[in-house]
Every structure is written in C-alpha cells, then in structure tokens.
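Reckoned from all heavy atoms, side chains included, excluding hydrogens, waters and symmetry mates.
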Amino acid sequence: MNTLHSTPAIGSKHALSRIVAWACLALAVLLPLAALISAAQTSPVGMLVQMGIQLPSGADLESLPIAVWQQGLAVCISLLPVGAVAYALWRAHQCFNGFVRGEVFSLATVRHLRGFAAGLLASSSAGLLAPTAIVWLLTLYAPAGGRVLTISLGAQQLLMLLFAGIVWQMGHAMTRAVELAEDNAQII
C-alpha cells in the first residue's frame, strides 16, 4: 500500500478529498429519499404525462385502468436508476476516504473507483430501460389500441454510459499498475 507523507500541500488535498467524500455520502442518502418522495407523490397518470405519453386511440390517460400493484411496481422501477447512482456515490465516498488516508494507489481504492463506474453503468442502463418498462406496465390493461410501447434513448444516459466505461477502463489500468508495483516491490 502506498501512502503519502503529510505536507501542507497534501493536507489541503486531503481536506478537499474529505469534503468530496462527505458530499458523495450526503448525496447517496438524499437523492434516493428525494426520488422516493417525488415518486410517491406522482400519480401513475402523472408519470405517463411526464414521459410525454399520449394514447394512440385518442383515449384519455385519466380513464386508464391502473391497478395498485402496477403503480407500486412502476414506482420501484423508477427508483432503480437513482438507487444505482446512490451505490456509485457510496463507492466514490469510499474511494475519496482512501485518498484521505493516503491510499491513493492501493488496490482497495482502485476497486472503489471501479465500483463507482459499475454503479454509473447500472444507473445509465436502468435509465434507458426504466421508461419503457414503466409505460408498458402502466398501459398494460388499457383498452385495445390504447397500449403503448415506447423506447427512450437520451443523450444523458448515453454520455453516462460512456463516462462509466472511461472510468472503468481507468480503474482497470490503475489495477494493473498497482499489481505491477507490488510485483516490483517484491523483487527489490
């Protein structure tokens, strides 16, 4: 495990890492709570309206037969992306705590970085699939011609997928570097 000696410049970097670690932890807790409150206050019809859904037969969204189980499952599906982001933020919190301890190039810190990337990958994947699943679920019992299947492909999710892939690959390269450093340290 590589550790850094404390100097004034490094101390200020540790302070920034500590602030970022706490910010990640706070967001990991607050984002799912806010999403849960928002989802609980939004009606199923409100969910469909937010997604821009219009029934093809000209039927009114208000007249859709939506069961309680459909509404509950739709809320759970809508929380999947934010749950994955919360996991990513938790792993980022652990990564930055490693920085604070001076474990910049330790295998544990690199694994937390890859966990962050995995959480972002899961969140962006869920963000791509959740709207389709929610719309299909909430229009499942619509009269003939009123069922909707939609596919949402947003730039935000695609960019997050790309970013997650980049961070994952950087973590992979750092893992290999740590392994090589440990091998070299054993030779000397």
Side-chain angles (χ1 to χ4, degrees), residues 1-42 47 50 74-131 134 152-188:
M1 168 173 50
N2 292 345
T3 58
L4 301 173
H5 300 291
S6 182
T7 64
I10 292 174
S12 65
K13 290 178 185 177
H14 284 213
L16 181 58
S17 291
R18 188 173 287 114
I19 291 168
V20 173
W22 280 105
C24 288
L25 180 60
L27 286 173
V29 172
L30 294 175
L31 285 176
L33 286 175
L36 181 61
I37 290 168
S38 175
Q41 293 177 348
T42 304
M47 286 180 153
Q50 285 176 350
V75 167
C76 290
I77 292 170
S78 73
L79 295 176
L80 289 175
V82 76
V85 164
Y87 171 78
L89 289 168
W90 170 251
R91 294 301 296 265
H93 166 75
Q94 294 173 317
C95 182
F96 281 103
N97 275 341
F99 294 167
V100 169
R101 290 188 303 272
E103 300 169 358
V104 177
F105 295 109
S106 75
L107 199 52
T109 301
V110 173
R111 284 187 181 139
H112 292 308
L113 179 65
R114 291 186 81 183
F116 169 73
L120 289 181
L121 177 69
S123 176
S124 57
S125 299
L128 287 169
L129 299 174
I134 291 169
S152 173
L153 188 62
Q156 181 180 3
Q157 285 88 7
L158 293 175
L159 286 173
M160 192 182 298
L161 274 172
L162 178 63
F163 180 70
I166 290 168
V167 173
W168 180 268
Q169 282 305 109
M170 289 171 62
H172 177 70
M174 289 176 69
T175 300
R176 187 69 184 126
V178 168
E179 290 168 350
L180 288 172
E182 289 176 356
D183 288 346
N184 287 340
Q186 291 175 359
I187 292 172
I188 296 175

Legend entry - Spacing of CG belonging to Leu89 relative to CZ belonging to Phe116, to within rounding of 0.5 Å: 7.0 Å
Inset, instruction - Just grab all the salt bridge (Lys or Arg N to Asp or Glu O under 4.0 Å) pairs involving residues 169-178, residues at least two apart or on different chains. - result: Arg176-Glu179
Inset, instruction - Taking Ser38 for its side chain and Ala35 for its backbone only, find out whether a donor-acceptor pair lies under 3.5 Å. - result: no
Inset, instruction - Please round to the nearest 0.5 Å and tell me the distance separating atom CG of Asn97 and atom NE2 of His112. - result: 8.5 Å
Inset, instruction - Sort out for me which residue in Gln94, Arg91, His93 forms a side chain to side chain contact (heavy atoms under 4.5 Å, CB included) with Cys24. - result: His93
Legend entry - Working for side-chain contact (heavy atoms from CB on, under 4.5 Å), residues Leu80 and Leu129: CA-CA 10 Å; Leu80 289 175; Leu129 299 174; over 6 Å; no
Inset, instruction - Please name the pair of heavy atoms, one in Trp168 and one in Ala117, separated by the smallest distance, quoted to 0.1 Å. - result: N-CB, 3.6 Å
Inset, instruction - To the nearest 0.5 Å, tell me how far Arg114 CZ sits from Thr109 OG1. - result: 14.0 Å
Legend entry - Pairwise distance NE2(His172) to CG(Leu113) - rounded to 0.5 angstrom: 13.0 Å
Inset, instruction - For the pair Val167 and Leu120, evaluate side-chain contact (heavy atoms from CB on, under 4.5 Å) and give the outcome as yes or no after the intermediate values. - result: CA-CA 10 Å; Val167 173; Leu120 289 181; 5.6 Å; no
Inset, instruction - Go through Met47 and Val75 one step at a time and tell me if the side-chain contact (heavy atoms from CB on, under 4.5 Å) criterion holds. - result: CA-CA 9 Å; Met47 286 180 153; Val75 167; 3.9 Å; yes
Inset, instruction - Please examine the side chains of Pro32 and Leu79, heavy atoms only from C-beta on, and report whether any two atoms are closer than 4.5 Å. - result: no
Inset, instruction - Quick one: which residue pairs count as a salt bridge (Lys or Arg N to Asp or Glu O under 4.0 Å) with a foot in residues 20-33, not counting sequence neighbours? - result: none
Inset, instruction - Assess whether side-chain contact (heavy atoms from CB on, under 4.5 Å) is satisfied between Leu161 and Leu121, documenting all intermediate values. - result: CA-CA 6 Å; Leu161 274 172; Leu121 177 69; 3.2 Å; yes
Inset, instruction - Can you measure from CD1 (Ile166) to CG (Leu162) and round to the nearest 0.5 angstrom? - result: 4.0 Å
Inset, instruction - Indicate the atoms forming the closest heavy-atom contact of Ser17 with Phe99, along with that distance. - result: OG-CB, 3.7 Å
Legend entry - Nearest atoms (heavy-atom pairs only) where Ala130 meets Pro81: CB-CG, 4.4 Å
Inset, instruction - Report yes if the side chains of Phe96 and Arg18 come closer than 4.5 Å at any heavy-atom pair, otherwise no. - result: no
Legend entry - Flag, side chain of Thr175 to backbone of Gly171, donor-acceptor distance under 3.5 Å: yes
